[in-house]
Number of protein chains: 2
Amino acid sequence: MLEAKVTSQDVARLAGVSQSAVSRVFTPGASASKATIAKVRAAAEQLGYRPNPLARAMITGKSRIIGLVVAYLDNQFYPAALERLSNALQDKGYHILVFTAANSQDGIERVINDLMDYQVDGIITASVAMSSDLTARCAGAGIPVVLFNRGQPGAGLSSVTSANVEGGRKVARFLVGAGHSQIAHIAGWQGALTGRDRQRGFVEGLADLGVEACGLIDGMYDRDTAAAAARVLLDGAAPPTAIFVGNDHMAFAVIDQARAMGRVVGRDVAIVGYDDVPLAAWGAYDLTTVRQPLNRMVEATVETLLAQIADPARASQQIEIDGPLVVRTSARGEI
Amino acid sequence: MLEAKVTSQDVARLAGVSQSAVSRVFTPGASASKATIAKVRAAAEQLGYRPNPLARAMITGKSRIIGLVVAYLDNQFYPAALERLSNALQDKGYHILVFTAANSQDGIERVINDLMDYQVDGIITASVAMSSDLTARCAGAGIPVVLFNRGQPGAGLSSVTSANVEGGRKVARFLVGAGHSQIAHIAGWQGALTGRDRQRGFVEGLADLGVEACGLIDGMYDRDTAAAAARVLLDGAAPPTAIFVGNDHMAFAVIDQARAMGRVVGRDVAIVGYDDVPLAAWGAYDLTTVRQPLNRMVEATVETLLAQIADPARASQQIEIDGPLVVRTSARGEI
DNA sequence: CTGAAAGCGCTTACAG
DNA sequence: CTGAAAGCGCTTACAG
């Protein structure tokens, strides 16, 4: 019942050539005569032969597998990124070993160990940070790493993010321009550069216009935490008329919370997110937000990673991609 | 700069034993004396040795890699499933090669080829169907397959789904019990057993109570298609007072559409979904829906797959897991 | 261009 | 329990 697996030996026998000849026909860049190629291809076709990538990986040290480490899959931004990353890499002949890591150094450590065992050719981490000794280990093993949607100050790793500081500034200008002066920020998490940058741009942008944020709380990228922060802000003596939230995922929770407190979002309180995930455009939220240009971020990530795989000596690069503010009804251009 | 990779040879040399001895210490079930084990472990520790899984895979034919084929990652149900599946399998020492496939036979065919090349020990397909010849090829290659949230009539494959027929019945009883008589259904897709089963249970359930659906349209698991269907239904001469939608993802679009037409959901029109994804519980939708017990479905999937890997002769099994109707404000118990 | 041979890092009979 | 040896399916110098 089980098909015996067919090897290059079988093909060689049928084609009347050596096993090395078969290997050369299937090795890009190796030389073989037209006649040999024809005979081998015919035999391979007939037998249904396909080279064993595991054997190939063992000998070349190139597995054509990319490790993808993701967390926060409940934030719609990451499944969307995973899907596009996976498609783009598949098109380049790579395969994706996915790891869902709790965002703890411990979990990530285990994952990186596994990735190194499988001799992945490169690693993409989405949304998780890496400690510096993990970084060092990957570098030591010669495995290129690209951080997706996270920066790592001073680690010398490549990263692809949106222009977070400028994004924060855009929101500040927009809200002040709309006439708000009581403006609060529910940030991501101070431990993540992404969140810090958005906050910094936002606070600086406000300052440039002579405004100071009336509230600043970490939402930890978590719905419950963000909702609790919103409750505190809106319950205050002088509640904000506008809230900038560190990402869309939390902004949805903030909107739910505001509505539960009887506020009409977009009228009583303006709410702005960051990401522009698909859900932001759905009728129930219609969220004003800064778009992270996912397709371009994915392209840049794949390009950077493959370039580093091709040339390990290549310098790492930090890429920032600018995205527009998308205005919807959760925060209009005027009060 | 690059750490030379350390092999079992290196460990053997340092420990003063043969290379085979090292291998045995790291092979579960192989026999080695306490003394040998101690020496080898110490040497391995010192050198930072970890067995090369690729080499091991080539010789044993077991890669400890599971292929996971997913589509529809914009439907929140699947990222959630992916995350849990990945965690559960990681705990069992397996790794997940993820493929995002367009739901076409062509795309799936390519993916299956790749999976077979990588000698995956098993395949889980979430949300995609497989043609019968693909099924035959996997069987021929001795690779166990489990369908997650999809059935495949007559293919002899294992599958794990919720009790879809019964789920459809529950919705019928609920809506009729609430006093509705003008009831429509926006189904999934007739090409998918899951969708057909939900529809069948629903229609039969209505019939048992002497009610006939006033509208039946396929939503193709697509937001736009589902919204268009809702518009047609609600624009009709005798619009339904209740709509059962084939999954939550489409139900959100139906709610958005109904609201855009000025209807108050839960009062003017009752809407029921299927899945109970996290978003269903969020304030903006608060969707009444049939829960698919994700954790139990994942457990059953992993268990079935590993059992079939351990014993390839094992008969396939179709597992159905019952889930409750969760009542929220989009459709209450009474009109 | 091509074949014989070595070797990638392991596991597993085979003898002791 | 243990070592020497064969072999998993390939790629790649090495000679022709």
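Proteins come first, then strands; the chains are lettered A, B, ... in the order of their sequence lines, and each starts at number 1. The analysis underlying the following values was restricted to heavy atoms, covering all of them including side chains, and did not include hydrogens, waters or symmetry mates.
At the heavy-atom level, B/Pro53 lies nowhere under 4.0 Å from the strands shown. Note on B/Thr7: only backbone sugar-phosphate atoms sit closer than 4.0 angstrom, heavy atoms only; bases stay farther off. A/Ser23 comes within 4.0 angstrom of a nucleotide base, judged by non-hydrogen atoms across all strands. Across all strands shown, A/Gln19 has heavy atoms under 4.0 Å from base atoms, whether or not it also approaches the sugar-phosphate.
A sub-4.0 Å separation between OP1 or OP2 of D/dG9 and a side-chain N or O of A/Ser8 is absent. Between B/Thr27 and C/dT11 there is a side-chain polar atom (N or O) within less than 4.0 angstrom of OP1 or OP2. At the phosphate of D/dC1, OP1 or OP2 sits under 4.0 Å from a side-chain N or O atom of B/Ser31. Under 4.0 angstrom from either OP1 or OP2 of C/dT2 there lies at least one side-chain N or O belonging to A/Thr36. Between A/Ser20 and the phosphate of D/dT11, there is no side-chain N or O to OP1/OP2 separation shorter than 4.0 Å. Distances shown here put a side-chain N or O of B/Arg56 below 4.0 Å from the OP1 or OP2 atom of C/dT11.
A straight line from CG of A/Leu54 to C1' of D/dT11 spans 15 Å, rounded to a whole angstrom. Between the NZ atom of A/Lys62 and the C1' atom of D/dT12 there is a distance of 16 Å, given to the nearest Å. The interatomic distance linking A/Asn52 (CG) with D/dC8 (P) rounds to 12 Å, in whole Å. With rounding to whole Å, A/Arg64 atom CZ is found 15 Å from D/dT11 atom C1'. As rounded to whole Å, 7 Å separates atom C1' of C/dC10 from atom CE of A/Met58. The separation between B/Ile59 atom CD1 and D/dG9 atom P is 10 Å, rounded to whole Å. Distance A/Lys34 NZ to C/dC1 P: 12 Å, rounded to the nearest Å. When rounded to the nearest whole Å, the span between CG of B/Asp117 and P of D/dC8 equals 19 Å.
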Seminar exercise, completed: Pairing string of DNA chain D (Watson-Crick or G-U wobble, both atom distances under 3.5 Å; | = paired to other strand) is |||.||||||||.|||

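Atom OG1 of B/Thr100 sits about 13.5 Å away from atom OH of B/Tyr72, to the nearest 0.5 Å. Summarising the geometry, atom CG belonging to A/Leu115 is positioned 8.0 Å from atom SG belonging to A/Cys138; distances are rounded to the nearest 0.5 Å.
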Exercise. For A/Ile309 and A/Leu306, what are the C-alpha separation, side-chain angles and deciding distance, and is it a side-chain contact (heavy atoms from CB on, under 4.5 Å)?
Worked result: CA-CA 5 Å; A/Ile309 290 174; A/Leu306 296 189; 4.1 Å; yes

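The two residues A/Ile65 and A/Tyr94 make their nearest non-hydrogen contact at N-CD2, 4.2 Å.
Around the CD atom of B/Gln19, the shell of radius 6.0 Å holds more than 12 heavy atoms that belong to other residues, nucleotides or ligands.
Of the candidate nucleotides D/dT12, C/dG3, D/dA4, D/dT12 has the atom lying nearest to any side-chain atom of A/Thr60. Here C/dA4 is the nucleotide among C/dA4, D/dG9, C/dC1 with the atom lying nearest to any side-chain atom of A/Arg24.
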If you look only at distance, which donor and acceptor atoms sit under 3.5 Å apart when one is on a side chain in residues 30-49 of chain B and the other is two or more places apart or in another chain?
from	atom 1	to	atom 2	distance (Å)
B/Ser33	OG	B/Thr36	N	3.2
B/Ser33	OG	B/Thr36	OG1	2.8

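Taking for each of A/Val22 and B/Ile37 the nucleotide of DNA chain D with the nearest heavy atom, the 5'-most of the two is the partner of B/Ile37.
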